[in-house]
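Only one structure is covered here, and it is reproduced in the block below.
Counting convention: from 1, in listed order, for ligands and their atoms alike. Quick note: residue numbers are just sequence positions, from 1.
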Amino acid sequence: MSTDHFDLAGRTALITGASRGLGQVFGRALARAGADLIVTSRKAEDLTPFCHEVEAIGRRALPLELDVRDQYSIEAMCKAAIAAVDKIDVLVNNAGCNIRKPALEVTWDDWNTILDTNLRGSFFVAQGIARHMVERGYGRIINIGSVTSVCGYAGLGPYGASRGGIKQLTMSLADDWGPHGITVNCLAPGWFKTNQNRALYEQEGWVEYLTDRIPLKRPGKPDDLEGAIVFLASDASAYVTGQTLLVDGGISGGPVKIKL
Ligand SMILES: NC(=O)c1ccc[n+]([C@@H]2O[C@H](COP(=O)([O-])OP(=O)(O)OC[C@H]3O[C@@H](n4cnc5c(N)ncnc54)[C@H](O)[C@@H]3O)[C@@H](O)[C@H]2O)c1
Ligand SMILES: O=C(O)[C@H](O)[C@@H](O)[C@H](O)[C@H](O)CO
């Protein structure tokens with residue numbers, strides 16, 4: 001197979017939650033592979049430095065506001081995105097959040113915040129953009145899952161439920177939209193150092209504890225996610241849909257809880 005199958009020149013990718021963290025990792029990788037970007041954040045001005053970075057690579061970056069917990073914000077963003085460009089080829093449903101708490105302390109509001117953001121938000125953004133993709137008969141939707149899509153961890157009940165839901169949603173949407181030329185896959189990262197889990201990384205001994213449980217014996221680096229996002233966004237994955245690709249150094253298949 002030619003490496004051209006990974007080329008994203010002429011494609012446009014929309015990435016939610018691109019003001020920091022993994023959203024920017026995914027955007028950077030797609031832009032380097034040739035894609036122009038639409039990037040979203042709750043505050044458009046938070047996207048300015050990243051848009052300049054993308055433009056410096058020679059690609060376009062259109063910033064749009066989006067709060068994935070707000071139905072009207074999703075509808076407005078989808079309308080604006082579709083109106084602004086000829087076509088949207090790739091959607092990366094990345095915006096997400098976590099509130100890490102023992103299950104006995106989880107409140108009604110905690111549950112709603114996590115599930116509304118990670119699961120309901122991803123579904124309705126996908127639906128809005130898929131309406132456009134269905135008309136064109138082409139699309140690549142990449143839902144960001146997690147190692148918690150396939151593993152259970154204390155303190156991550158609602159978060160794990162949202163990520164398990166994303167894995168299931170991926171399979172269902174792949175079946176819904178496959179006949180329209182749209183693939184839907186889930187990229188599930190392991191434990192990367194971002195704002196979301198900064199508190200864990202700052203705990204004494206956490207990195208050593210984590211490393212001990214990862215078969216590849218190191219935490220993930222942003223670069224580790226680049227190949228997987230470009231693969232799932234490009235024609236290299238044309239016959240792959242409904243799948244969850246774990247990029248986690250093997251932790252989901254390794255000694256997750258016990259060391260023998
Ligand atoms: N860091 C990891 O190890 C890891 C592992 C697996 C999955 N994830 C997932 O990857 C995604 C990116 O997380 P990250 O690690 O970069 O953390 P992060 O907190 O740095 O980024 C989360 C992004 O989502 C945005 N966001 C949150 N709530 C939103 C809302 N209501 N509307 C719009 N945007 C909203 C934030 O503004 C931010 O841009 C999340 O969905 C997260 O759950 C992260
Ligand atoms: O806040 C947290 O406990 C962490 O951010 C987790 O959610 C992980 O980062 C990740 O999702 C595992 O794959």
Note to self: Tell me whether Arg11 contacts the main-chain N or O of Gly34 through its side chain, where contact means a donor paired with an acceptor under 3.5 Å.
What the structure shows: no
Margin query: Looking at Ser172 and Leu169, would you say the former's side chain and the latter's main chain have a donor-acceptor pair under 3.5 Å?
Written below: no
Margin query: Is there a continuous path of hydrophobic side-chain contacts, each under 4.5 Å between heavy atoms, that joins Tyr138 to Val92?
Written below: no
Margin query: Applying side-chain hydrogen bond (donor to acceptor under 3.5 Å, both in side chains) as the test, list every pair that has at least one member in residues 81-94; sequence neighbours left out.
Written below: Lys87-Asp89, Asp89-Arg136, Asn93-Asn143
Notebook entry, point to check: Do any N/O atoms on Leu200 end up under 3.5 angstrom from N/O atoms on ligand 2?
Noted result: no
Notebook entry, point to check: Can you find an N or O of Thr148 that's nearer than 3.5 Å to an N or O of ligand 2?
Noted result: no
Note to self: Measuring from atom 3 (O) of ligand 2, which candidate in Gln196, Lys193, Arg100 has the nearest non-hydrogen atom?
What the structure shows: Arg100
Next item on the list: Compare Gly21, Ser146, Gly155 and give the one whose heavy atom is closest to atom 13 (O) of ligand 2.
Entry: Ser146
Heavy-atom contacts under 4.0 Å between [X] and ligand 2: side chain, backbone, both, or neither?
X      : value
Leu156 : side chain
Tyr159 : side chain
Pro189 : backbone

Item checked: Shortest non-hydrogen contact between Pro158 and Leu115, atoms and distance -> O-CD2, 3.5 Å
Note to self: Can you report which non-hydrogen protein atom sits closest to atom 6 (C) of ligand 2, along with the distance?
What the structure shows: Trp191 CZ3, 3.5 Å
Next item on the list: Report the nearest protein non-hydrogen atom to atom 9 (O) of ligand 2: residue, atom name, distance rounded to 0.1 Å.
Entry: Asn197 ND2, 3.0 Å
Pairing donors with acceptors under 3.5 angstrom, does anything connect the side chains of [X] and [Y]?
X      : Y      : result
Thr113 : Asp110 : no
Glu204 : Tyr209 : no
Tyr153 : Arg100 : no

Item checked: Atoms of ligand 2, numbered as shown, that sit under 4.0 Å from any heavy atom of Asn98 -> 1 (O), 2 (C), 3 (O), 7 (O)
Next item on the list: Find all atoms of ligand 2 within a distance of less than 4.0 Å from any non-hydrogen atom belonging to Val147, and give their numbers and elements.
Entry: 12 (C), 13 (O)
Next item on the list: Count the heavy atoms belonging to other residues, nucleotides or ligands that lie under 6.0 Å from NZ of Lys193, then report whether that count exceeds 12.
Entry: no
Check: Would you call Arg28-Glu226 a salt bridge at under 4.0 Å N-O?
Finding: no
Notebook entry, point to check: Salt-bridged, Asp67 to Arg42, with N to O below 4.0 Å?
Noted result: no
Margin query: So if I only count non-hydrogen atoms and take anything under 4.0 Å from ligand 1, which residues does that give, chain by chain?
Written below: Gly17, Ser19, Arg20, Gly21, Leu22, Arg42, Leu66, Asp67, Val68, Arg69, Asn94, Ala95, Gly96, Thr117, Ile144, Gly145, Ser146, Tyr159, Arg163, Pro189, Gly190, Trp191, Phe192, Thr194, Asn195, Gln196, Asn197
